[in-house]
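Each remark here refers to the structure printed beneath this line.
Proteins come first, then strands; the chains are lettered A, B, ... in the order of their sequence lines, and each starts at number 1.
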Amino acid sequence: MTLHQLNNHLNSVPETAPTSPALRVDGLKAYYQTRWFGITREVRAVDDITLRIEHDEIYGIAGESSSGKSSLIKTIAGAIRPPLNVVSGSVNFDFGTRKVDLYSLKPEERTAIRWKHLAYIMQGSMSVLNPLRRVRQSFVDFAFRHMGLPMPAFLRAVEEHLLKLHLQPGVLDSYPHELSGGMRQRVVIALATVCRPGFIIADEPTTALDVVVQKSVLTMIREVQREMRASILFVTHDMAVHANLTDRLGIMYAGRLVEEGRTRDLFRNPRHPYTIHLIRSLPRIGDAEPRKGLEGTPPNLADPPPGCRFHPRCPIAMDVCRVVVPPMQSLGGGHRVACHAVTGGTVQ
Amino acid sequence: MSGADTALLDVRGVSRSFWTGGLLSRRRIDAVKDVSFTLTDARPEIFTIIGESGSGKSTLARMILNGMTPTGGSIAFGGEDLTTIRKTRDRMRFMSRVQPIFQNPFESFNPLSKVDRYLTMTARNFTDARSQAETDAASDRALRKVGLSLAEVKDRFPHELSGGQLQRIAIARALIPGPRLIVADEPVSMVDASLRVAIVNLFKDLRDELKVSIIYITHDLATAYYISDRIIIMQKGEVVESGDARAVLDNPQHPYSILLKNSVLSPDVPDDDEPQTIERDRAARSY
Amino acid sequence: MLKIFRDLLRFNLEFAIGTLIVSIIVGLSVLSFFSPYPPEDIYVVAPDVPPSWEYWLGTTSRGQDVFWQMTAALRNTLLFGIAVAAISRVISLTIGLVSGYMGGMTDRVLMSINDTFIIIPLFPILVLFYFVMRDSMSWALLALIMAALGWAYDARLIRSVAMSLRTREFTSQCIFSGMSPRQIMTREHLPYVLPIVFSTTLNNMNWSIGMEVTLSVLGFTDINTPTIGSMLYWANQHTALVAGVWWWIALPVIAVMMLFIGLYLLATALNEYIDPRSRLSRMGGAA
């Protein structure tokens, strides 16, 4: 609580830069803390993450199933529920008209913000649309209250929005089961963006889709972003999607950010051994060159290894890696990496 | 053992249809339509079936594993028609030569059972091993083929292991009976990126060193290109293109294969002055 | 197992109270073995004595000590409940697992039998049995009949779980490990339904005890064996309430109500422990 007050205090100081980033995450720690029948467990799903997302950009987060990426976006979206708790750090949004320190707000206010300024696109699109009602009804249920328009004007706005996204307004009269998986996901994206949110969080939105459809959905996301000048936090484990869509990219491993930079820089010149592996091991059509797998398995976040969490699997691990947590250090050009081998950490 | 020229697996004009809907609105759905291919015993290979959801590839896999009977055509393994394999003894003999690997490693082991139980049971039912020491030895031999050992696995529950480890254990289990054919349905789609290559490489080793044929079912063209010898591409139950994997994927002929290949996102980033692929597509559509 | 029991005692109030009540009842029924008078004998003490130092809970109009009579009655009633629950659990487990796993024709036949038992009106059937059997109707026979009538609901519940287990990948893994259907059902699927069995056991005991009391009070059972029901039957026969012998009625009623509440609390606590959703909400509440 005191930390939140401190943050509030800092927020009241005017920014030196003309505009603040769309999202500022500082030293964020969010742990799963469970106490059940007397046994306490702590899983450090998000451990000391600091990042900035600028206005009008797509920021990608890549990570494996135990990397903590889903916990991170839940925390950023303010959609956490116990046992996941924010232990320290802050999440600051700048929605242009309004600046918000998410975790200094009351839970009700946080929910209101989530409806108004944040859009959340998830993997399972079917669960958002009411299976028993026409799509039009889902739009009315979700967006009518937030738009503040009379019904005819609201429906006209929805139709215009769909047309802009190259969707026929006819889909409004269909039932969800009549639409294909890809079409459903596009309708859900349209639904999430109809209120023109300033910030969009997309959590593996194309993972369940077939490749042919995936591309059209990604194109649509890019279009929405360009049209609305929104910021998007795009999470997927699929590196090929990042290469084709995101402007900047953060790589997460075991609850920490290990490398961050412009997507192109990261792909062309990855520095962290984990990133290097992720990128070099990708098979591609037209290239049957043998690729090497990575030894070992991702760590258990309830009991992570000391020092750099990647060191048990790292091909170039040094003594220092087993002891000291590598700090995120800048390499210039917005490229940051947390690796002793790159930034020259030593044992004290 | 069958001779050099007999087919290991002969899939001949296989179809499978389902009926859906109620009494009045019954509709026939052809999940698989007239699929034929042959694997030979002499030359073990990785035979890939590519298709998207609804292409019938998983239905085809179930029929090859004799878990479902074709409604048309026939499947023969080692010259023996699968519909004649019904008695327990015949089915055990069939399973000792054809083994599956499933998609989700966390689902394919009972969370309430220790993983080594599956290895032990397979060793006891399909090999001569009877005593605990013998089944342990058989399990350990199989686990070493996939880069693990029994010491790492014994007495562990599935939730104590990673998806990659579990998938290796599943492969080890499938290897215990000394099968001639492994049917792997999307074996890496649920495995983490950093562990995927290792598993895919393992399939290559199985083919090259253990001479096991593998039917690799996937929607991922890139890994298919990486490991397969031959492929078939399925769309809505039908084979639209087949042949040598590299040749087909380098230069697809059928419109659907071309579409599929063009839809695959390349993991290469464009040069600085060029827009991203997605951006180019967008531009092409807008103007 | 012991640890779970200890944790449940410590953190779940329902469980603690339920355990306390049930242990008192069990303690009382164990005391019946030390009774100074054989429980079936009548006129062993002075009749109609109100509770006093000599006879703690008074005596009946038939010259029995209510306290010792009640210990024997509780023992028999409890044993009855346990017997019915145990036998009917075995039936419902077998039918449920076999029906769910085998599916097809087996499932259809078993479930039509099952549904017949669900819709049979129990009470008239039990009364009918009494009129047919009359004197040969014993405590054990009644337990057997009740068990034969009380398994159907739970068998359906178990079947639905078994059906979903059958489609899980790990079941296919078991089949291809060469396990027999019996091994799969008993070793792999049984652990999943055991929690259901535990919690339904307690409910089933409650149900059968209630049924037994009802039948006994009306005299449709072997009324010479002391049970809570037959105690009440005799009290009614001697118009105990009119005669002012209230303790003859009040105390057995209190005892059986305590037993109901105790078993009910245990069943709810176990249900909550077993149901993952309530586990999650508790974790949420605690954090």
Problem set entry | A:Ile285 versus chain B, the contacting section by heavy-atom distance below 4.5 Å | both

Exercise. Run the side chain to side chain contact (heavy atoms under 4.5 Å, CB included) check on A:Leu245 and B:Leu265 step by step: do they pass?
Worked result: CA-CA 10 Å; A:Leu245 181 73; B:Leu265 296 172; over 6 Å; no

For this session: Give the member of B:Gly147, B:Ala224, B:Ser162, B:Ser263 that has the highest number of heavy-atom pairs under 4.5 Å with chain A.
Result: B:Ser263

For this session: Quick one: pull up CG in B:Leu195 and CZ in A:Arg313 and give me the separation to the nearest 0.5 Å.
Result: 5.0 Å

For this session: Below 4.5 Å from any heavy atom of chain A, which atoms of B:Asp220 appear? Answer side chain, backbone, both or neither.
Result: neither

Problem set entry | Interchain contact, A:Thr246 with chain B, by part (heavy-atom threshold 4.5 Å) | backbone

Problem set entry | Close side-chain approach of B:Val269 and A:Arg268, heavy atoms under 4.5 Å | yes

Exercise. Given B:Val197 and A:Leu294, is the side chain to side chain contact (heavy atoms under 4.5 Å, CB included) satisfied, shown in steps?
Worked result: CA-CA 8 Å; B:Val197 191; A:Leu294 191 62; over 6 Å; no

Exercise. Which region of A:Asp238, side chain (C-beta onward) or backbone (N, CA, C, O), has a non-hydrogen atom less than 4.5 Å from a non-hydrogen atom of chain B, or is it both or neither?
Worked result: neither

For this session: Check whether B:Ser266 gets within reach of chain A through its side chain, its backbone, both or neither, counting any heavy atom under 4.5 Å.
Result: backbone

Exercise. Counting heavy-atom pairs under 4.5 Å to chain B, which of A:Ser67, A:Ala62, A:Ala240, A:Gly293 comes out on top?
Worked result: A:Ala240

Exercise. Once you round to the nearest 0.5 Å, how far does CG of A:Asn244 lie from CG of B:Asp268?
Worked result: 9.0 Å

Exercise. Hey, is NZ on B:Lys236 packed in by over 12 heavy atoms from elsewhere, all under 6.0 Å?
Worked result: no

Exercise. Should we say atom CD of A:Glu178 is surrounded by more than 12 heavy atoms from elsewhere, each under 6.0 Å from it?
Worked result: yes

Exercise. Contact part of A:Glu289 toward chain B, heavy-atom cut-off under 4.5 Å: side chain, backbone, both or neither?
Worked result: backbone

Exercise. Taking all non-hydrogen atoms of both residues, which atom of A:Pro283 and which atom of B:Ala222 are closest, and how far apart?
Worked result: O-CB, 3.3 Å

Exercise. Counting only N and O atoms by type, is there a donor-acceptor contact under 3.5 Å from the side chain of B:Asn201 to the main-chain atoms of A:Lys292?
Worked result: no

Exercise. Nearest 0.5 Å, what's the CD-CD distance between A:Gln214 and B:Glu52?
Worked result: 10.0 Å

Exercise. So, do A:Arg284 and B:Pro267 sit near enough that their side-chain heavy atoms are less than 4.5 Å apart?
Worked result: yes

